[in-house]
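Within every chain, numbering begins at 1; the chains are lettered A, B, ... in the order of the sequence lines, protein sequences first and strands thereafter.
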Amino acid sequence: MGERKAEKTGQAARPAGRFLRPAATVCQEVGFGILGPAVARRPLWRCRGLGYDSRLCSFSALVTFMFEPVRGKPDFPALETAISAWWREQGIYGKSLDRRRGGPRFVFFEGPPTANGMPHPGHCLTRTIKDLYPRYRTMRGEFCERKAGWDTHGLPVEVEVCKELGIHSKAEIEAHGVEPFIHKCQESVWRYMKEWETLTERIGFWIDLSQAYVTYHKEFVESVWWALAELFNRGLLYKGHKIVWWWAQGGTALSSGEVGQGYREVADPSVYVAFPLLDEVGQPERRCLVAWTTTPWTLPANQFAAVKADLDYVVLRHPGDVDRELIVAEPLAASLAEKLKQEFEVVERLPGSAFVGRSYLPPFDIFRQPGPPPVALLAAGGNQPAAWRVVAADFVTTDSGTGVVHIAPAFGEVDYGVLVAEQARFATGAGPTLLNPVAADGSFTDAFPMGSGRFVKECDRDITRDLRARGLLVHQEQYVHDYPFCWRAEKDPLIQYPRESWFIRTSRFREQLLANNERIEWLPEHIKHGRFGNFLESNVDWALSRERYWGTPLPIWVCDQTGRAEAVPSYEALLAKPGVTGMEVFEEAKRARPELSDDLRVHKPYIDAVTYDSPFAAGSRMRRVSEVIDCWFDSGCMPFAQWGWPHRGREEFAAQFPADFISEAIDQTRGWFYSQLAISTLLFGGSAEPADSGPAFTCTDAVDPAAGYPHPFRTCIVLGHMLGEDGQKMSKSRRNYREPAFIFDTYGADALRWFFLAGQPPWTSIRYSERAIRESVPEFLLRLWNVYSFFVIYARIDGFDPGGALAEPGTLDHADLARARGWRPPAERAELDRWMLSELHATTASMTEKLDAYDHFAAAGELSRLVDAVSNWFVRRSRDRFWSAGRAEPGGSVEKLDAYWTLYETLLTVARLAAPFVPFVTEAIWRNLACGPFGDRVPASVHLTDYPQAADGLVDRDLVRRMALVRDVASLGRAARAAEKLKVRQPLAKVEVILADPDVGDADWLAAHADLVCDELNVKEFEICQEPERYISRSLLPDLKKLGPRLGKDLPQARAAIAAADPTAILAAIQKRGQAVVPLGGGREVMLEEGDVLVRTMAKPGWAAAEGPRAVVVVAKEVSPELIAEGLVREVVHAVQTRRKALDLEFTDRIELVFATPSTELRAAVEAHLEYVAAETLAERATFTTTLAGEPIDIDGHPLVMDVIRAGGPHA
RNA sequence: GCGCGCGUAGCUCAGUUGGUUAGAGCGCCACCCUGAUAAGGUGGAGGUCCCAAGUUCGAAUCUUGGCGCGCGCACCA
């Protein structure tokens, strides 16, 4: 047995550290006392088992020691709730703000969630991201106020209340009474408030909930009013018609989201109807346009027929019916003929434009007088029939139908657009008016007697029958398609229906919106010109009003007599109006219910009661319009309305606009992202001038602040949607996800945060799976915790006392620690220490860079690699130092102390680096490692420290590269062993390494680390191979990136030629003359220069070798009898240890060993190393006997029976 | 239907301006360690890079067309 063995034997013979298990038990009992005032100074007597340690004497220091014991198996959820409570008690969030007051601002806007629904995992994600960056920037020295907010208005709230009341239509709400209904809405808004607050605190989202803005509060409403009045006064708020999806039975329009929920596949009648063209005197011709529709009930409202101008149409005639000719788009003629099962002859072929302007006979004449079509005055001069005329339209396609589109402006958005466009062509008032034979309840009016009083859809059959009777029906069939129904009343089909509505002229600002958008940093980038940009491109005016109850009332008052309107910017301005009355309605309600919120003053129905004298007509009164507004407008006003600006909060607004950072999920592109951008752009304008110099926004004037793009936000992280366990949409009924509370209680908030932050880029859709969350724990949190726990255990044993060594700790940065007694500069420390600090500071630099670029996913990856480096290389390779004798004190073991200082600095720095990601566990580490020894001399919380600054001087890039090389070599060595089934327990004589690139000086360095490699690989000797040709072959590879552009088509030949050439000769030529010539055949040749070729090293077969990109590692396969014996002995030791474990012996238990084997070889091996075996297994005696009962075990083919007896105890 | 995004190992995902042997984690199998221990480490197996055509000396990567999934807008006469 060689020297190394003896060393190890010596070590094991020392009963060092065998008390570990009991100590850990104690830690569990102690818990996390650091957080409370009751910092545990547990009596030593609880540390049972300590008596086994010869170094117990050193434990006397423990009593005054500052590091709390750490439990080996952490209970993260319990830890987190304790820390959370401590933060609350100590006001740590407030303190983190206080110390940055006056610093540069980092402005964050909270997109308001609605508190009338339960928070779900998606909110956990947004709240994690929204927490990370403010925390990070605060640690970087910026002042980041975080004001919470709640979105409280809108249909969802009304729906909740309706459910509760068991009603659903507007009529029922009215019957119930608007006033009590509103009261219910206001209460309902806070229904899940507690859950939201709990979630917010539990996930560690630091935000000021006490100062939250609330969209129904009077101050907020008044800011919104100001914005609306501003738009109104600038002529940007107008009243118009809009075609909406109308739930006729319920008397309300539905939002697109609601409509989307109600689509069902149904079969509707599909009819092809003839529209006979009219001649000059108004008589029907033979020729008929053929139009197609799946909603026959809209035919009475027909006003136009649309064709595509540049599309070819054909006039078809059936030989058996010469009295009628059909006009359809040429590409669709065949399919029509097929449907009709008829052969047609093409009479004529004409472009669509040939029909534009022609009059036709509509299918019903309810709005039309017989005779020639009446004409109307065109705006450009001249006359034209206003309606029942062919128009050209680009939206006409040949995908289906006939290429002739029936236009009923009352019942289709596109159709309505045609009407508006046509109206514009005529002199004011002369153009076509909207024809609508349907009442708001969905029944035909008397204007269409055939269907009068009946629901339109029920009239489809009668209409079709009538058309057939009059010879206008060309064809009829069933058509299966998706059609929306009311999501609350499944039998009620929705219809498109015109309603009056208020609009904001956003479309006029399209260019400004795009210019503003151009300046916003979107993550991921494609949002800017993709989804969001496209949305802006196709901007239409914002349909603002809602015919509902619970929302910000539209602050427009209209004159009874003249119909003229004005907007009111605040409640105060309203009260100042002449002859104002009606406020008493609220006052009375308040007297009846004193608990009534004063905010309801500005809500329906109270606000509707307030009227005043009209400035437009003497004796007339001004009354508010009945509508409330789209709640998205509320949210978009949040940048200023959260401060009540411009009525108040002037300073706050000036300081907090625009936002540096916002983040929400992708569904907000048309929601909050748009509402903010639109409102800000319309109100504050701005230019595309870069706003780099100084603040983009100076609020000098309350009404017209000068703004430069971008505003109101600079950077926006758009998060992906979260999916359930099965990759489907999360849904309560499907139960495909775990409640956040369950995750918190089981794995903890840090685990969930880490899963979100490090699991995937934030914009991919995240599959929220319990398994993935669970598995994210060991890879980072637990590993970090183990290192931390390892450190504390040994620091306590060895008396490592930074608090005593350093009087003024500062923030425990590298420079601060340098003042400590016993601290040595890295240059004087072991290489491993310098390596660790290199990694630490290099990672610090790159993490900072990545977080500054809002790339937390990459930053988390860096962090994870760093913790892996600490755990799996630094600690592992430093064990000898931590386990060596001597105390970690000045005057003690210098190398040991170095190791402690290195690990201490690393852990403190990692805690700060990771603090924005996993705020709880890092707090626990900081509290113990920093506050433990230093108390009040250091910041009480890791979140009150600065983010680490990389000290470039400590980064030794060569060392980092070379250490990585050693780790590679170790891995390759193991791979080589594994390939030959040479297990690590079998010592081998030698390992040889061939470096792929021998020029970097790495070889010498590696050779100097022979011990390390030998230790890792369990070999006796290390050598940089002197005759690599024995083991490897080299081949030349052309550098394709370089040669490709130069050689082009010759490249394949060149590759073949280079592969066939003698690599040694080429390399030599390049080395000597700077270039080498390789013939290509055909007289051509390739000139190779330095860098044109790469050398690839491959292991020759027949050796125990493994190759990687940087090295080939060869281990000696041959094992001498001595090596085999050592291997056998190690197998025996392993077997004994396994038995010890099976017998559940304490680590400290001494044993007696008795062996029996028929194998003389095995016996000889063991006997030769008996001392070693005894030491490794804590055996007081190890003997051989000839007969022993028991099951023999296999030691590399040698049977062995053994008996393990606990010394001094009963037979084990 | 239109738009945006995405299809890479059993699962979750990386893959930088096209370049030589496509990676990681988890899971699986085998092994190692047993003084951080209901942890830790190492190795291995596992891939038609959705399909097809094209551009190119060369395509997971670029183009076009399919197919599939997610989301958004519509539902279209």
Side-chain angles (χ1 to χ4, degrees), chain A residues 11-12 15-21 24 70 72-73 256 259-260 263 291-295 298 305-306 395-397 399-402 404-408 412-415 481-484 524 526-527 530-532 534-535 538 666-667 669-670 720-721 723 727-729 759-761 763-767 769 771-772 775-776 778-779 782-783 785-791 793-794 857 861 864 871-872 875-876 879 882-883 970-971 974-975 977-979 981 983-985 1018 1037-1045 1047-1055 1094 1096 1106 1109 1134 1137-1138 1140-1141 1147:
Chain A
Q11 195 181 84
R18 294 285 180 190
F19 55 79
L20 268 184
R21 173 72 152 275
V70 174
K73 195 190 172 214
S256 61
V259 176
Y263 277 97
W292 175 64
T293 182
T294 54
T295 49
T298 63
F395 57 77
V396 178
T397 64
D399 296 342
S400 58
T402 60
V404 178
V405 175
H406 144 66
I407 302 289
E413 213 174 327
V414 176
D415 308 50
H481 65 160
D482 286 335
Y483 194 88
H526 61 74
I527 299 286
R531 194 172 283 217
F532 195 70
N534 289 345
F535 179 58
S538 57
I666 190 158
D667 53 24
T669 35
R670 279 137 214 275
H721 260 137
L723 307 172
Q728 302 288 105
K729 217 170 164 169
Q760 55 275 307
W763 39 80
T764 53
S765 49
I766 295 173
R767 200 188 281 199
S769 93
R771 190 176 64 87
E775 286 170 357
S776 79
E779 86 177 26
L782 206 53
R783 200 179 274 168
W785 187 269
N786 281 336
V787 177
Y788 159 62
S789 149
F790 175 90
F791 171 83
I793 288 167
Y794 290 101
F857 176 61
S864 195
S871 173
N872 293 329
V875 169
R876 191 150 69 89
R879 277 176 174 159
F882 287 113
W883 295 337
S971 282
R974 288 192 195 95
R977 296 187 73 119
K981 300 209 189 314
K983 51 186 164 185
V984 184
R985 268 199 296 270
N1018 191 21
L1037 287 173
D1039 186 340
L1040 297 176
K1041 264 188 182 170
K1042 281 199 173 150
L1043 292 179
L1047 296 179
K1049 281 190 195 298
D1050 289 336
L1051 194 71
Q1053 267 179 293
R1055 286 178 77 169
L1094 311 166
R1096 191 209 278 179
H1134 180 237
Q1137 303 288 33
T1138 309
R1140 282 186 62 116
K1141 201 170 182 180
F1147 290 107

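Here, B:C73 and B:G54 have their C1' atoms 32 Å apart, quoted to the whole Å. A distance of about 6 Å separates the C1' atoms of B:G18 and B:A59, rounded to the whole Å. When the C1' atom is used for both B:A53 and B:U42, the distance is 45 Å, rounded to whole Å. Taking atom C1' on both nucleotides, B:A14 is separated from B:G23 by 7 Å, rounded to a whole Å. Spacing between B:G44 and B:U37 at atom C1', rounded to whole Å, works out to 25 Å. To the nearest whole angstrom, the two P atoms, one in B:C6 and one in B:C50, are 13 Å apart. For the C1' atom pair drawn from B:G47 and B:G10, the interatomic distance equals 12 Å after rounding to whole Å. Between B:C31 and B:C13, the distance separating the two C1' atoms is 28 Å to the nearest Å.
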Under 3.5 Å between N/O atoms: give me all the protein pairs with nucleotides 14-18 of chain B, atom names plus distance.
from  : atom 1 : to      : atom 2 : distance (Å)
B:U17 : O4     : A:K1041 : NZ     : 2.9

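Residue contacts for A:V404: at a heavy-atom cut-off of 4.0 Å it reaches no nucleic acid atom on any strand shown. Across all strands, A:T298 comes closer than 4.0 Å to no nucleic acid atom at all (heavy-atom distances).
The minimum heavy-atom distance between A:A291 and A:T402, with the atom names listed, is CA-OG1, 3.8 Å. Summarising the geometry of A:A408 relative to A:D415, their closest heavy-atom pair is N-OD2, 2.8 Å, with the distance given to 0.1 Å. Taking each heavy atom of A:R670 and A:R531 in turn, the nearest pair found is NH2-O, 4.3 Å.
Proximity note for A:F790 (side chain, C-beta onward) versus B:G41, B:C73, B:A36: the nearest is B:A36. Comparing B:A77, B:G3, B:U42 against the side chain of A:R974 picks out B:U42 as the nearest. Comparing B:G41, B:A36, B:G72 by their nearest atom to the side chain of A:N872 picks out B:G41. Closest to the side chain of A:N786, from the set B:C73, B:A77, B:G40, is B:G40. Proximity note for A:R783 (side chain, C-beta onward) versus B:C4, B:G41, B:A77: the nearest is B:G41. Here the side chain of A:I666 is nearest to one of B:C71, B:A77, B:G5, namely B:C71. Nearest nucleotide to the side chain of A:H1134, out of B:G35, B:U34, B:C4: B:U34. When distances run from any side-chain atom of A:T293 to the nucleotides B:C71, B:C73, B:A77, the shortest one goes to B:A77.
Here B:A39 presents its C1' atom at 17 Å from OH of A:Y788, a figure rounded to the nearest Å. Rounded to whole Å, the distance from CZ on A:R876 to P on B:U34 is 12 Å. Rounded to whole Å, atom P of B:G3 lies 13 Å from atom CZ of A:R670. Protein atom CD1 of A:I407 is 7 Å distant from nucleotide atom C1' of B:A77, rounded to whole Å. Look at CG on A:N1018: it is 16 Å from C1' on B:G43, rounded to the nearest Å. In this structure, the CZ atom of A:R531 is 13 Å from the C1' atom of B:C2, given to the nearest Å. Computed from coordinates, the A:F535 CZ to B:C2 C1' distance equals 15 Å when rounded to whole Å.
When both pairing distances are held under 3.5 Å, B:U48 makes no Watson-Crick or G-U pair with any nucleotide shown. Judged by Watson-Crick or G-U wobble contacts below 3.5 Å, the nucleotide B:A60 has no partner. Pairing for B:C6 is with B:G68, a Watson-Crick or G-U wobble pair whose two hydrogen-bonding atom distances lie under 3.5 Å. Within the shown strands, nothing qualifies as a pairing partner of B:A77 under the Watson-Crick or G-U definition with both distances less than 3.5 Å. Shown here, B:G40 forms a base pair with B:C32; the pair counts as Watson-Crick or G-U wobble because both key distances fall under 3.5 Å. In this entry B:U21 has no Watson-Crick or G-U wobble partner, no candidate having both defining distances under 3.5 Å.
Mapping A:I527 and A:S871 onto RNA chain B via the closest heavy atom, the residue that lands nearer the 5' end is A:I527.
By the 30° and 60° cut-offs, the orientation of the rings of A:Y794 relative to A:F882 is tilted.
Remark: A:N534 engages no residue in a side-chain contact (heavy atoms from CB on, under 4.5 Å) (not counting sequence neighbours). For A:R876, the salt bridge (Lys or Arg N to Asp or Glu O under 4.0 Å) partners at least two apart in sequence or on another chain are A:E1016.
At the phosphate of B:A77, OP1 or OP2 sits under 4.0 Å from a side-chain N or O atom of A:T294.
Looking at A:V70 and A:Y788, their side chains come closer than 4.5 Å, going by heavy atoms from C-beta outward.
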